[in-house]
2 protein chains.
Amino acid sequence: MLQGLSVDSSGPSFTPLVVVELVSDAKEETIGWLLNKIRDQQHDGGAELLVEQLGPGVGAQEKENPNLFLVGATWQRLLSGAEDVGLFKESTDGSMRAFTCANKHNFKDFGGDGDGFLSMAECQYIIKHELDTLRAKDETHVPGYKQAKLYPGKSIIRRLLSKRILIQIFPLHDKEELKRLSFSWYKKVKLSLQPLDDIRHYYGEGQALYFGFLEYFTFALVPMALFGVPYYLFDWEDYDKYVVFAVFNLIWCTVILELWKRCSASLAYRWGTLSRKKAFEEPRPGFHGVLGFNPVTGREEPLYPNIKRQLRIYLVSLPFVLLCLYLSFCVMMVYFLMEGWALSVYDQEPTFWTGVLLFIPSIIYAVVIEAMNLIYRYAAEFLTEWENHRLESSYQNHLVLKVLVVSVNYYFNFLQNISLATLLITSQILNQFMEAFLPYWLQRRRNKKMIRKVQKRRILEDKELPLAEQVRLEADMSTYLGTFDDYLELFLLFGYVSLFSCVYPLAAVLVVLNNVTEVYSDAFKMCHVFKRPFSDPAANIGVWQLAFEAMSVIAVVTNFALIGLSPQVKTYFSDSETHLILWTVAAEHGLMAFKFILTFLIPDIPKHIQIKLARLEFESLEALKKKVKTLTVFSL
Amino acid sequence: MLQGLSVDSSGPSFTPLVVVELVSDAKEETIGWLLNKIRDQQHDGGAELLVEQLGPGVGAQEKENPNLFLVGATWQRLLSGAEDVGLFKESTDGSMRAFTCANKHNFKDFGGDGDGFLSMAECQYIIKHELDTLRAKDETHVPGYKQAKLYPGKSIIRRLLSKRILIQIFPLHDKEELKRLSFSWYKKVKLSLQPLDDIRHYYGEGQALYFGFLEYFTFALVPMALFGVPYYLFDWEDYDKYVVFAVFNLIWCTVILELWKRCSASLAYRWGTLSRKKAFEEPRPGFHGVLGFNPVTGREEPLYPNIKRQLRIYLVSLPFVLLCLYLSFCVMMVYFLMEGWALSVYDQEPTFWTGVLLFIPSIIYAVVIEAMNLIYRYAAEFLTEWENHRLESSYQNHLVLKVLVVSVNYYFNFLQNISLATLLITSQILNQFMEAFLPYWLQRRRNKKMIRKVQKRRILEDKELPLAEQVRLEADMSTYLGTFDDYLELFLLFGYVSLFSCVYPLAAVLVVLNNVTEVYSDAFKMCHVFKRPFSDPAANIGVWQLAFEAMSVIAVVTNFALIGLSPQVKTYFSDSETHLILWTVAAEHGLMAFKFILTFLIPDIPKHIQIKLARLEFESLEALKKKVKTLTVFSL
C-alpha cells in the first residue's frame, strides 16, 4: 500500500502521502516555522510528522512554485494517529472496534510491519487530521505575516488557508492502485456491481456511499422502468391501471428510501463509520467573530452569537429565497403570456416566420431560467457564507436547503411541456460527457506536454514520470468540490420520477439510462480529472436522505392532484365533481398515513447489525463495571 | 435520609429499604438458599446486601405471612451499586456526570458519611437492580422446587416471581418524608407549582415526569381555554374567527408538544437521566422460549424467534384490532338505526313512555361500548402477552398501541352528541374522587384496625406503628401499576381538545379544570393508597410523546373537515362546493407542512443543555486521547 512512491532526495527516506503547497513568495521565516511545527514532537505541540521540500522538476522554470512540501509519517505515528481520529477496524472476532494501539494485535490484518493494515486513504486522512489540529501556542501572529493573527488554540493550517498563505493541501494519487481501481470500476465491460470496497479503500467512505447510492438508486428504479415502458408504448389510459401505477410508484419510493437506510447502515458498519465518534468539529476557515471561550472546549476561539445568525437567516435569507421563488413564478407567467401572444399571431397569419416565433418564448424562457438559476446559486453561496456558520456541516445543510427549495423551477419547466422533459433528461447524459471528457482532454494535453518536457532532458523508464513532475501535475489538476452537485443531479432526477410518475411513465427508464452512464462518467472524472480528495468518514448520505424523503412526501400530493385532474378519472366521477375531489383527498390521506407507518415499521438498521452494536455497547458497560469493581477495592 | 426506620431485632442493625415477600409455605431450603445468595460476597456471585427476617407483629395471628424479609445495604455497597446502575449525579463544577467511586469526592453533597448524597429512592432502586441481577451459577432448579428450572445466568428473582414463590418486592415508604412531601404537594392551598424535585426525590424520575407533564399540559391549555370561553359564551359563529381559532389551536398543539420535549430534556438533565446509559435490559418475567445463547450478552437465556413474533403480530393481533374497530363501527351504526326508530315512534305517538324510549338507545350504546372497551382491554393485554415480547418496554409499547388505536371509539361517542361530551369530561372529575378516596377510606379502616390491635397490647408512643406492623400494612396496600392509565386519561382529554377544538371550544376549559383536580387526586393516591413504587429512571415520557404528536397530526385533518362541513363556511363558498373543498384541502396541506417545519425548527434539547452534553462528550474524547498517548508510550 505504502510503497507506491518514495522521495529520492537526501534526508531520511519516507513515503510521501500529502502535499502542502504554500504561495511561491512565502517568507523563509514562515516556512521554517511551519515545518518545525509539523516536525516537532507531540508533547512540544508539534504534529511529529515527516516533511520534505519537493525538489525542482526536470527543466525547472522560473514560474514553477518551489514551495511544495511532501508530508508523511512513521508507521508508529500513523497508528497513534489512527487512535486519535477514532478509526474503526475489524477485530479478529469479526466485529468492528475502535482501534487502539494497546490492543493492536487483536485486529485483523495487523501484520506489525504496517503492510495493508491502514489504507493509503486512511493514512492521508490521519495526516490531514494531525495537520488540522496543529494549534498555535503563544504566537500572536504567523511569523512573517503580521496581519495573520493567532491566539492560543487556533488551528494554524486553517489560519494559513484563510489568509491565503497556504494554497492547498491535497493527498497524492497512487498510480498503481488507481490503475487497478479504474480497471475494475469502469474499464472492463461487465455485468458485475461497482467495486464499492475498493472505491472506499481509495477515496474514502463519503465517495463510496455516493457511488453506492447511485448504484442502489439505479437498481431500485428498474421495476418502475419495467412497469413504465408498457404504459408508454401501449398508451394505456385505463383508469384502474393509471391509479395502480401511481400508487405502486409512491409506495415503491418510500420503500426504496427506507431500504437504502438499511443498506447504508450495512456499508457504514462494514467500513467502520457507523458507530465511529466524530472528533469535535473545528470552525470552518471562513468563520469569524469576537474572540471568546468556546463553552464546549473551553478553548479560545471566535464566537458569533447564535441570535445574530438566526436573525440573518430569518430576516434576510428566508425572504430572499421566497422572493426568488416568487420571481420564478412571475417569469413563468410572463412566459405563458408570451406564448399565448405568439400563438395568436401564428393563428392570425400562419407563415414560416410566425412559425419560428412560436419557439422564441420557450427559448427565452429556458435562457432566463438557466441564468436565474446560476445567479441564484451564487447568491445562495454568498448568503450562506454571510450567515457565518461555525461548522462546515451546518454551512452545507443551509446551502443544500436554499438550493433545493428553488429547484422547484425545474419541475415547472417540466409541467408546461412533457416532451421537453425527455429532452431535459437526455441532455443531462450529453452533459456528463462534456463534464468528464473535456477537462480530461485538457488534462491529458498538459500531461503529454510534461512528459515531452521530461523526455527532452533524460530517457524515461517505464514511461513513468518522476515524483517531482507527478506532484506538480497533480497540483494543477482541478479540485473535486465534494458530492453536492452529484447528489443534486440525482435529486432532480428522482423528482422527475416521483412527482410525475403517473403522467410520465418514461421518466424512470430515462433516469436508469442516465444513471448507468453517470456511473461511468463520474468514475472517469474521479480517476482522471480531479486531484485525489481527502476521504470523508461519512456514515450516511446526510441531509440528502431527508431531501429525498421530503420529495417522496410531496410526490404523494402531486400524483393525487394529477390523478384528480386527469380526464379518465373525471369521466369516472362524471356525476359529481365533489365526490371526485373527496375520494382523491381521502385516498391521498390514506396513502400518506400508510407511507408514515411503513417508514416507522421498517427498522433503519438491519437486525444483525443492531445485535453487533448492542454487543459492543454491552461489552463496554461490562468492562466499565469490572473496572469499577477493581477501582473500588482501592478507593473505598 | 436513611435514618427513618431501623430494625430493632437482633443482628447487625441496618436501615431496611426494600421488602421481599415469599409465599407463606415457602420451603426452608429455598429461603436459606435465597438469603445466602443475597448475603454472599459479590465475587462469589452474591449481592452482598444485608437481609433480615421481619419479626412477628404485635398480636401475630396464624394467617400472618412469616416470610417477609427486609433488605438493606452498607453505605459502601450502595455507592458501588450506584456505579453499577450508572447513576448520574451533579459534580462540583455543576455538570451532571456518571458517579464513580474513584471520583466520589468530585461530586456535590458528597459528605463521606452518606447523609443525603443518595436519596432513599435511589438506594431502593440500586437494591432492586442488585437483586434483579442475582444470577444462577450451576443450579439447575430452585432448591426445594424441582419445577422452577434455572440455568447459568438466569435472574433468580425473575424465576421466583414467574413461579410465584416470590410474591412481591417493594420499597418501603418513609413516613417522615412522605408527610413533608404530601404537605408541600397537595395539602397546602397554594398558587405555587408542584414540588417536582421532591416528587422525583421520593418517587423517582418516571413519576416526576408524569406530574411534570400533567402540570405543563394544564398550563399549556390555559390560553386555549381563555380563547374558548368567549366563543362559547357569545356563540361567535363568524367565519373568520372560527377558522382563526382552529388554526391557532392546531399550531398551539404542535408548539406545546415541541416545547414539552425541551422541558422534559431540562428536567431529565437536572435529574441525571438524560445521558444515563440504561443497563442491558433483562427479559420480562413472562417471556419464554427455547434455551440458547443471547447474541448480545453471550449468556444462556430463552430465545424466541423474531419472525414468529412478527407473524403473531401481523396475522393475529393486527386483524383482531381491525376487527374490533370494525365491530365498534357496526355497533355505532346499530345505535343510529335504533335512535332513528325511537324517534319515528315518538313522532308518531308522543307520550311519556315513547319519550322515555328516546333515551334507551343512548343508554344501551353507552353500556355496550363501555363493556366492549373493558373486554378489549383484557384481550389486548392477553394478546400482547401472547406475542411474547422479550423486553418490558417493547411489551408496553405494543400494549399502548393496541389500546390507542381503539380509543377512537371515545371520539365517535363524542361526535354524535356534543353536550354528552361535557358530561363525559365532568364525569371524569367525579371518577377521580371515586378512584382516590374509596380505596383510601378502605386503607384507612385497615390502618385503624391495626393501630387498635397494637394499642390493645402496649401503649403506643407518638401514635407511630412499630416497624413490623408498618411493613405488614404496606404489604397489603394496592400496587401502583405504572403511569399507563394516567397517561391514557390525559391522552383522551388531549384528543377532545385538539380533534374538535373548532366546534367545541369549551373542551379546553373543562380539561384544565379536570387536570387541576387530577393533580390533587393523583398526588393523594400516590401518597396514601398505593405501595411505594420503585423509581424508574426515565428520560422522557416515551411512547406517549409519539402518541400525542400523532393525535395532533390527526387533529389537523378532523378540524379542517369540520371547518369544511360547517354551515358558516359553506355559505361563504355558496357558489361552488368544489372551491370550498379545494380551499379547505389546500389550507390543510399548508398547515400540515407548517406543522412539520415547526417541529423541525424547534430544537428538542435547549441550547444550554446541548452545550453541556457536548462538553462532556468532548472531555471524554480528550481523556481518551490522553490515555491513548500514555498507553502508546508503553505499547509501541
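Atoms considered below: every heavy atom in the structure, side chains included; atoms not considered: hydrogens, waters and symmetry mates. Just so it is clear: chains get the letters A, B, ... in the order the sequence lines come, proteins before strands, and each one is counted from 1.
Closest heavy-atom contact between B:Phe107 and B:Ala98: CZ-O, 3.4 Å.
Between A:Phe110 and A:His105, the angle of the ring planes goes over 60°, which puts this pair in the perpendicular group of the 30/60° scheme.
No part of B:Asn294 comes within reach of chain A, as not one of its non-hydrogen atoms sits under 4.5 angstrom from that chain. The contact between B:Tyr314 and chain A is made entirely by side chain atoms (from C-beta outward), counting heavy-atom distances below 4.5 Å. Heavy atoms closer than 4.5 Å to chain B are found in the side chain of A:Leu546, but not in its backbone. With a 4.5 angstrom heavy-atom cutoff, A:Gln610 does not touch chain B via any of its atoms. Heavy-atom distances place the side chain of A:Lys607, and not its backbone, under 4.5 Å from chain B. Using a 4.5 Å cut-off between heavy atoms, A:His589 touches chain B through its side chain atoms alone.
A distance of 9.0 Å separates SG in A:Cys101 from CD in A:Gln76, rounded to the nearest 0.5 Å.
Residues satisfying the ring-ring contact (aromatic ring centres under 6.0 Å, His included) test with B:Phe618, not counting sequence neighbours, are A:Phe280. Under the rule for a ring-ring contact (aromatic ring centres under 6.0 Å, His included), A:Phe560 has no partner lying at least two apart in sequence or in another chain. For B:Met592, the side chain to side chain contact (heavy atoms under 4.5 Å, CB included) partners are B:Val553, B:Val556, B:Val557, B:Glu588, B:Phe596, not counting sequence neighbours.
Between the side chains of A:Thr133 and A:Arg135, not a single donor N or O lies within less than 3.5 Å of an accepting N or O. Side-chain polar atoms of B:Asn397 and B:Ser394 form no donor-acceptor pair below 3.5 angstrom.
Enclosure of atom CZ in A:Phe594 is not indicated, since only 12 or fewer non-hydrogen atoms of other residues, nucleotides or ligands lie within 6.0 angstrom.
Contacts between residues 578-587 of chain B and chain A, defined by a heavy-atom separation under 4.5 Å, are made by B:Thr578, B:Ile581, B:Leu582, B:Val585.
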